[in-house]
Protein chains: 2
Amino acid sequence: MPTIKDVAKHLGVSVSTVSRALNNHPDIKQDTKNEVLEAMKRINYTPNAVARSLISRKSNTIGLMIPDITDPFFSAMAHDVEEVLSDNGYQVVYVNTSRRLEKEKRFLTSVMERKMDGIIVTPDFLDEEALEIMRRLEIPVVFLRRRPPQDLDMPFVDVDHYEGACNAMDYLLSLGHSRIGFMGMPPYSFTGQERYRGYVDCLKKRGLEPDPSGIVWDGRTIACGYRAMGKLMEDYPSMTAVFAANDLLGIGALEWLAEHKLSVPERMSVIGFDNLEVSDLHWIKLTTVAQPRKEMGRKAAEVLLQMLTENKLTAQSILLPTKLIIRETCTSVIK
Amino acid sequence: MPTIKDVAKHLGVSVSTVSRALNNHPDIKQDTKNEVLEAMKRINYTPNAVARSLISRKSNTIGLMIPDITDPFFSAMAHDVEEVLSDNGYQVVYVNTSRRLEKEKRFLTSVMERKMDGIIVTPDFLDEEALEIMRRLEIPVVFLRRRPPQDLDMPFVDVDHYEGACNAMDYLLSLGHSRIGFMGMPPYSFTGQERYRGYVDCLKKRGLEPDPSGIVWDGRTIACGYRAMGKLMEDYPSMTAVFAANDLLGIGALEWLAEHKLSVPERMSVIGFDNLEVSDLHWIKLTTVAQPRKEMGRKAAEVLLQMLTENKLTAQSILLPTKLIIRETCTSVIK
DNA sequence: CTGAAAGCGCTTACAG
DNA sequence: CTGAAAGCGCTTACAG
């Protein structure tokens, strides 16, 4: 691989001159610059970004830490993050944590060592050691779908899960339902907690007390929703509607109901959260709450870019609005 | 940020000694090594991977070029690629090309400049210039779901699309169907071509001539399948079965059939290709051909790793077998 | 086992 | 406008 030195020798100029041509430095004659550029082409010179990084202290790489790229949410966000970042000359290093603390820490360590310029993170388990690394990072950090810990003044970008849950609940309530079940994601899930908070608050706001037998916490998959629906029908048979904390759970519920010949929405209204592609399928048409996934990725990247150009370690957080998507799985309660 | 020099000064030893401690070099007394390691902790020293890369000519970075991370196939592969690579100390830089040549080239250039150690690529449009860069790369390259150009002796990892299509067709044929329609993906799609080849060959093998009015090329989405089904029913009404080149198309077909009250599989058998999660949904139960997606990513990473450790620029390609998944959308033709 | 020195491929004051 | 020199943070022969 030819280096800047080879180019210089080839032309009988100094490396400084070659470097100046490479970097569009003003202090160089147009003619020499052209000659250098041509010589580079001729001998197939490619600048070594590693050497440049060492000196400039800029690696032009951004780290992206997500739980699971296989989750349509994160892949949608990863898509837009990459798009806006690469359009701005950055490359993105991505890591699936698989929701494992060990992997989160490995990522953060790598961020330090590799001198990444900034990161976008969706951590699940940051412990004290991980936080300590984050504090020492000295680069822009934006939290995606997670809140930064109290003592870290870092921005986040997320959807307003609480408000979204309230939209869903208010809709159900407006339809006359009062015995509404809830299917939650695993208890440690931040988004799950927020949606649950919306469920409880909306009920209370109307003077209704959430019935513990109408609440089930399981996983986040279709199979979980299926199981949960069975359990709810057993424990809370008077229920007329169910709020599933995500679409997958809602679809599992729909499946259980279809198999048990309980008509939707006549016998049971079902509302989800996420607006997955599948939810719009002809056979499903799940009423749900949509989140602007791609926009979330885009915004996260933009906030990071802004911090990078303004050379700041903090910025305004963004809470994006959700949108109720009314399809065919909810109806007013039969009087 | 403290450097190796700070550690050395702090301890009154030379930087060589510090470096040796850092790299588990044998030529160092255990005691000094411990002291150095402790000092590093004390002053929060983190090695600078950029500087190390410059000298070692290893960036420990692998590039991953895919068309669209949002496609469940690529996200599944990206997941496993990251998993095996990161377990081996590599970080992965990923790029969505969005099937644009310009982005493919930008990626390749970046690979050169950033001195990546190897790449896994799924290109759609490599032109001469792009190929020229690949030839000069001098690092291991593995093609994922694509074939390398003739003159590049590089390995690929893929599923045997042709064989998969034959499985699907043979199944339909064994069920007694002879008027079988075909829904293809965009004509430039390599995988689409291979599946089409299987469709044609299997028909011919049985002495059947593919009927041009039974073949439609559109896009790769549900909406395309919906449209395609309408067109097929118009142009080739005697058709009793349809082979959709991917599940999304198959699902679109199913949707059209459901809306037009044509029963599946009695009136029309439908078979897909891909085995997406949705295809197993209670309402869909699409018979299809499964591809081992995650395994594909894993294998691609393993082949790359092998080339890296053996220091070779080529390796054995891998063609993974598909599997026919029989569900509920195909039946034998009514005599 | 330890240290001084050269060098990886660049950039950037500093002189001229 | 151009070049010589120092230096980014490391590693690695080479001496001792």
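By convention in this document, chain letters (A, B, ...) are assigned in the order of the sequence lines, proteins followed by strands, and residues within each chain are numbered from 1.
Identified under the side chain to side chain donor-acceptor pair (under 3.5 Å) test for residues 131-140 of chain A, with sequence neighbours left out: A:Glu128-A:Arg135, A:Glu132-A:Arg135, A:Arg135-A:Asp151, A:Arg136-B:Asn44. Among pairs with a residue in residues 25-38 of chain B, none fulfils side chain to side chain donor-acceptor pair (under 3.5 Å), at least two apart in sequence or across chains.
With hydrogens and angles left out, the side-chain atoms of B:Arg52 and B:Asn23 include a donor and acceptor closer than 3.5 Å. At a cut-off of 3.5 Å, with distance as the only test, no side-chain donor of A:Thr97 or A:Glu104 sits close to an acceptor on the other residue. A:Arg106 and B:Ser86 form a side-chain donor-acceptor contact under 3.5 Å, judged by distance and modelled atom types alone. Side-chain contact of A:Ser14 with A:Thr17: a donor-acceptor pair under 3.5 Å is present, judged by distance alone.
Side-chain nitrogen and oxygen atoms of B:Arg57 include none within less than 4.0 Å of the OP1 or OP2 phosphate oxygen of D:dT11. Taking only side-chain nitrogens and oxygens, A:Thr17 comes nearer than 4.0 Å to OP1 or OP2 of D:dG3.
When the nucleotides D:dC8, C:dA5, D:dG3 are ranked by their closest atom to the side chain of A:Ser16, D:dG3 comes out on top. When distances are taken from the side chain of B:Val13 to each of D:dG3, C:dG3, D:dC10, the shortest belongs to C:dG3.
To the nearest 0.5 angstrom, A:Arg99 atom CZ is 10.5 Å from A:Ile66 atom CD1. Going from atom CG of A:Leu144 over to atom CG of A:Leu64 covers 7.5 Å, rounded to the nearest 0.5 Å. Between the CD1 atom in B:Ile119 and the CG atom in B:Leu108 there is a gap of 5.5 Å [rounded to 0.5 Å]. A distance of 6.5 Å separates CE in B:Met154 from CG in B:Leu313, rounded to the nearest 0.5 Å.
Residues B:Val15 and A:Thr3 each lie close to DNA chain C; by heavy-atom proximity, the contact nearer the 5' end of the strand is made by B:Val15.
Heavy-atom neighbours of A:Lys58 NZ from other residues, nucleotides or ligands within 6.0 Å: above the threshold of 12.
For B:Lys58 and C:dG9, the NZ to C1' distance is 19 Å, given to the nearest whole Å. If you measure from atom CD1 of A:Ile4 to atom P of D:dA4, you get 14 Å, rounded to the nearest angstrom. Between A:Asp6 atom CG and C:dC10 atom P there is a gap of 9 Å when expressed in whole angstrom units. If you measure from atom NZ of A:Lys5 to atom P of D:dG3, you get 16 Å, rounded to the nearest angstrom. One atom, CE of B:Met40, and another, P of D:dG9, lie 15 Å apart when rounded to the nearest Å. Here D:dT2 presents its C1' atom at 13 Å from CD of A:Glu35, a figure rounded to the nearest Å.
Residues of residues 19-34 of chain B that place a heavy atom closer than 4.0 Å to DNA chain D, in numerical order, are B:Ser19, B:Arg20, B:Asn23. Using a 4.0 Å cut-off on heavy atoms, the residues of residues 46-55 of chain A that approach DNA chain D are A:Leu54, A:Ile55, listed by number. For the segment residues 106-116 of chain B, the set of residues with a heavy atom within less than 4.0 Å of an atom of DNA chain C is empty.
A donor-acceptor distance shorter than 3.5 angstrom exists from the side chain of B:Lys103 to the backbone of B:Asn96, with no hydrogens or angles considered.
Taking a pair as Watson-Crick or G-U with both hydrogen-bonding distances under 3.5 Å, the stems of three or more pairs touching DNA chain D are C:1-3 with D:14-16, C:5-12 with D:5-12, C:14-16 with D:1-3.
Salt-bridge formation is not detected for the pair B:Glu83/B:Lys294: no Lys NZ or Arg NE/NH1/NH2 atom is positioned less than 4.0 Å from an Asp or Glu carboxylate oxygen.
Figure legend: A:Arg145 and A:Phe73 shown as a cation-pi pair, the cationic atom lying under 6.0 angstrom from the six-membered ring centre and within 45 degrees of its axis.
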